[in-house]
Amino acid sequence: MMTGNFPVNAFGHIETPFYYYDMDLLRKTLETIKAETSRYGFEEHYAVKANANPRILQTIASYGFGADCVSGGEIEAALEAGFPADKIVYAGVGKSDKEIRLGLTSGISCFNVESEAELLIIEELAAELNCQARVALRVNPNVDAHTHAKITTGLKENKFGINLEQLESVLKTLKTCQHLQWTGLHFHIGSQITDMTVFQSLVIRVMELQDELEAKGYTIANLNFGGGLGIDYQHPNHLAIADFEGYFKVFHQLVKRRNGQGIHFELGRAVVAPCGSLISRVLYVKEGVVKRFAILDAGMTDLVRPAMYDSYHRIENLNGLDEEACYDVVGPICESSDVFGKDRMLSKTSRGDLMALRSAGAYGEVMASQYNRRPLAKAYFSDQIH
Ligand code: LLP
């Protein structure tokens with residue numbers, strides 16, 4: 001069995017569970033994204049929601065990325081990590097007045113506005129602060145992302161974005177607002193999308209919309225296509241870097257880019273998921289009647305994705321022998337959904353073995369909770385552990 005390059009001996013003295021980040025892989029990924037986006041003159045804003053660990057944020061900021069934030073807390077974390085304010089975009093269906101004021105006073109690049117009601121509040125608060133707010137309208141393009149229902153956002157009946165039918169009336173309202181500058185359109189249709197034809201459909205729909213709006217006299221200065229590029233959770237060792245080449249090529253080939261038009265992206269998962277693993281220790285091997293359980297000291301409080309979305313994370317025994325056996329890998333939380341994987345073939349496991357739950361760098365540490373009054377898992381970085 002092939003495992004990632006884990007310094008297992010150095011893990012010996014560290015309290016489990018913990019997050020382990022492969023910083024070489026993160027840097028290689030960032031270099032790949034940079035190479036692809038600069039080839040086409042695209043702008044990348046890292047989606048902070050995927051992982052807001054300060055060290056991860058600083059590393060990403062140091063490659064010149066912008067940031068995509070969805071709360072005041074994320075704007076603060078992004079600024080602290082060194083993302084320039086004029087490269088921060090701010091989305092979210094429920095921005096509070098306090099958060100909007102923070103965005104305005106920090107001078108962020110733009111608010112991705114999700115409703116007419118929100119637009120009018122931003123106008124009011126910008127007037128109060130006597131400043132101009134740059135706003136993009138998030139539009140619901142009604143494109144099916146063919147992904148998990150809980151992470152699809154581009155369909156008509158979602159709470160996100162402005163419906164196509166209502167877009168023109170919101171644009172008309174925007175024109176009457178004296179403290180708002182319209183910067184363009186924003187889209188995000190879902191997450192963990194591995195089928196490139198989904199992104200093709202998105203661009204085709206957006207190009208139709210662009211033609212329609214231009215015919216009515218609107219000029220779209222910026223198009224932001226959001227995030228959503230998926231990763232291969234099944235084979236983290238073989239395909240450690242997502243298909244950024246294929247992804248950006250879709251946009252290069254299909255976007256009819258207008259003169260001087262900015263093309264923006266907000267990738268999260270594909271940037272950070274592969275570089276992170278949750279490392280946990282086996283507390284007990286429990287032999288049932290028909291099943292054998294490996295009970296870990298990590299649970300859904302540390303990595304909630306399997307319990308919340310039935311997500312697959314590859315599990316590897318870092319100490320195991322060649323001989324394999326079948327396990328249900330579970331956590332210690334008092335919830336029957338606290339299961340990381342059922343019927344997994346793993347190298348034979350005993351108490352004390354270290355297990356790696358792979359591809360946990362996105363929506364892992366950042367979604368942890370303290371349910372059952374558990375402490376939050378710490379994070380360690382490959383360039384600090386030898
Ligand atoms: N932009 C917007 C407006 C978003 O809502 C999201 C993610 C992104 C960008 C980044 O998408 P990505 O490139 O990471 O797919 N917790 C779920 C995923 C939720 C995604 C929410 N929005 C999970 O663990 O699968």
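Bear in mind that the values here come from a model prediction, so they are computed numbers and not experimental data. Every number for a ligand or one of its atoms is a count from 1 in the order of the listing.
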Output yes when the distance from some N or O of ligand 1 to some N or O of [X] is under 3.5 Å, and no in every other case.
X    : answer
S191 : yes
G268 : yes
A47  : no

Any side-chain heavy atom of Y20 sitting closer than 4.5 Å to one from F11?
->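 A side-chain contact exists here, since the closest heavy-atom pair is under 4.5 Å.
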Between N222 and I263, is any pair of side-chain heavy atoms under 4.5 Å apart?
->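 Side-chain contact under 4.5 Å: no.
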Counting from 1, what ligand 1 atoms have a heavy atom of [X] closer than 4.0 Å?
X    : result
K49  : 1 (N), 2 (C), 4 (C), 5 (O), 6 (C), 7 (C), 8 (C), 9 (C), 21 (C), 22 (N)
G227 : 9 (C), 13 (O)
L267 : 13 (O)
R269 : 12 (P), 13 (O), 14 (O), 18 (C), 23 (C), 25 (O)
Y309 : 16 (N), 17 (C), 23 (C), 24 (O), 25 (O)

Is ligand 1 less than 4.0 angstrom away from at least one heavy atom of A270?
->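 No, that is not the case, since the closest heavy atom of the residue is not under 4.0 Å from the ligand.
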Using non-hydrogen atoms of the residue, decide whether R138 is closer than 4.0 angstrom to ligand 1.
->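 True for this residue.
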Determine whether the side chain, the backbone, both or neither of [X] has a heavy atom under 4.0 Å from any heavy atom of ligand 1.
X    : answer
E266 : both
M367 : side chain
I193 : neither

Give the intermediate values and the outcome of ring pair (Phe, Tyr, Trp, His ring centres under 6.0 Å) for residues Y312 and Y233.
-> CA-CA 7 Å; Y312 177 91; Y233 281 97; 7.9 Å; no
Give me the one residue out of V198, V206, I204 that meets side chain to side chain contact (heavy atoms under 4.5 Å, CB included) with L202.
-> V206
Taking NZ, NE, NH1 and NH2 as the nitrogens, is one of them in [X] or [Y] under 4.0 Å from a carboxylate oxygen of the other?
X    : Y    : answer
K216 : E214 : no
D211 : R258 : yes
R305 : D310 : no

Taking atom types as modelled, is there a side-chain donor on R358 or N237 under 3.5 Å from an acceptor on the other?
-> yes
Any donor-acceptor N or O pair under 3.5 Å, side chains E266, H186 = yes
